[in-house]
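Note that the numbering runs from 1 along the sequence shown for the chain.
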Amino acid sequence: MIRIGNLALAAIAGLAMSLLIAPTAQAQLDDQMRPQASKQYRVSKQKQPSRQKQASKQKDDQASKHDQASKQKLVLVTKPTDIARKPHQLLLQVNSNEPALMNLALNNATNVAKYYRDLGEEVSIEVVTFGPGLHMLRDDTSPVKARIETLAMSNPEISFKACGNTQENMRKAENKDINLIPQATIVKSGVVRVMELQEQGWTYVKL
């Protein structure tokens, strides 16, 4: 009976010890696992911002490429070839009764007209006469009357303007009507015509 009692006490003591040791071992195991789990969490947390940065960088790269493409389209739209060309406009002034200067004006007008015609570009040329230069367009005194008639038929870009003030002064001085060649158009003032064309951006050449 004494032996059985001792065995029972030993069994109870062993069971009690196991109950005491089990929580302690579990606690030690938990303590060992906790740092590992914490470390894994920190590693995962560190990787997450890196992925976010990569995604953000990809978005920035895409936005940059889109901006570059937009700029390239803008450049293509505004190419110089798409911009309207400035018209070519030449103003030749003749205020001398010298035939050489009249022929020089016609030479310049013809050469400029041919130059831009060969390029396929439009040009306007206007010969403005006043003072003694009006003789260039007078039907009775013009030394270049025949040449102007021929030139006008093949060069519609060239026009001729006669000063109305000069015509009236000559009429009074000579006491007769001053008739002009058919290619001439009368403007009230030759000088004012020159001024207005210059203000409009015409290239001015005085002979």
* To do: For residues Lys161 and Thr129, determine if any side-chain heavy atom of one lies less than 4.5 Å from a side-chain heavy atom of the other.
  => no

* Are side-chain heavy atoms of Leu134 and Met170 found at a separation under 4.5 Å? -> yes

Show me the side-chain donor-acceptor pairs of residues 92-100 shorter than 3.5 Å, one per line, residues at least two apart or across chains.
from: Gln93; atom 1: OE1; to: Tyr204; atom 2: OH; distance (Å): 2.5
from: Ser96; atom 1: OG; to: Glu98; atom 2: N; distance (Å): 3.2

* Nearest atoms (heavy-atom pairs only) where Ala113 meets Val123 -> CA-CG1, 4.2 Å

* **Ser159 (side chain) donor-acceptor with Val127 (main chain) under 3.5 angstrom** => no

* To do: Can you sort out the partners of Tyr116 under ring-ring contact (aromatic ring centres under 6.0 Å, His included), two or more places apart, ordered by chain and number?
  => His88

* Has Asn111 got more than 12 heavy atoms of other residues, nucleotides or ligands less than 6.0 Å from its CG? -> yes

* Can you find a pair of side-chain heavy atoms, one from Leu91 and one from Thr203, that are under 4.5 Å apart? -> no

* Asked: Is it true that Val144 and Val112 fall in one hydrophobic cluster, defined by side-chain heavy atoms closer than 4.5 Å?
  -> yes

* Among all residues two or more places apart in sequence or in another chain, which pass the salt bridge (charged side-chain N to carboxylate O under 4.0 Å, His left out) test with Asp118? -> Lys114

* Structure fact -> Residues at least two apart in sequence or cross-chain that pass salt bridge (charged side-chain N to carboxylate O under 4.0 Å, His left out) with Glu168, listed by chain then number, are Arg171

* Scan residues 120-163 for pairs that pass ring pair (Phe, Tyr, Trp, His ring centres under 6.0 Å), counting only residues two or more places apart or in two chains. => none

* Does one hydrophobic cluster hold both Leu104 and Met136, with members joined at side-chain heavy-atom distances below 4.5 Å? -> yes

* Asked: Sub-3.5 Å donor-acceptor pair from the side chain of Thr166 to the main-chain atoms of Ala162, do we have one?
  -> no

* Asked: Mind checking whether Leu207 and Asn108 have side chains closer than 4.5 Å, heavy atoms only?
  -> yes

* Among pairs that include at least one residue of residues 141-157, which meet salt bridge (Lys or Arg N to Asp or Glu O under 4.0 Å), considering only residues two or more places apart or in two chains? -> Arg117-Glu157, Asp139-Lys145

* Rounded to the nearest 0.5 Å, how far does CD of Gln89 lie from CD of Gln198? -> 12.5 Å

* Could you state whether Ile125 and Ile148 fall into the same hydrophobic cluster, counting links through intermediate Ile, Leu, Val, Met, Phe, Trp or Tyr residues with side-chain heavy atoms under 4.5 angstrom apart? => yes

Mind listing the side-chain donor-acceptor pairs of residues 181-196 below 3.5 Å, one per line with the distance, residues two or more places apart or on another chain?
from: Ser189; atom 1: OG; to: Val192; atom 2: N; distance (Å): 3.2
from: Arg193; atom 1: NE; to: Glu126; atom 2: OE2; distance (Å): 2.6
from: Arg193; atom 1: NH2; to: Glu126; atom 2: OE1; distance (Å): 2.9
from: Arg193; atom 1: NH2; to: Glu126; atom 2: OE2; distance (Å): 3.2

* With sequence neighbours left out, what residues match Asp140 under salt bridge (charged side-chain N to carboxylate O under 4.0 Å, His left out)? -> Arg138, Lys176

* Which value, rounded to the nearest 0.5 Å, describes the distance between Asn179 atom CG and Leu137 atom CG? -> 13.0 Å

* Find out if a path of hydrophobic residues (ILVMFWY) with successive side-chain heavy-atom gaps under 4.5 Å connects Ile158 to Met153. => no

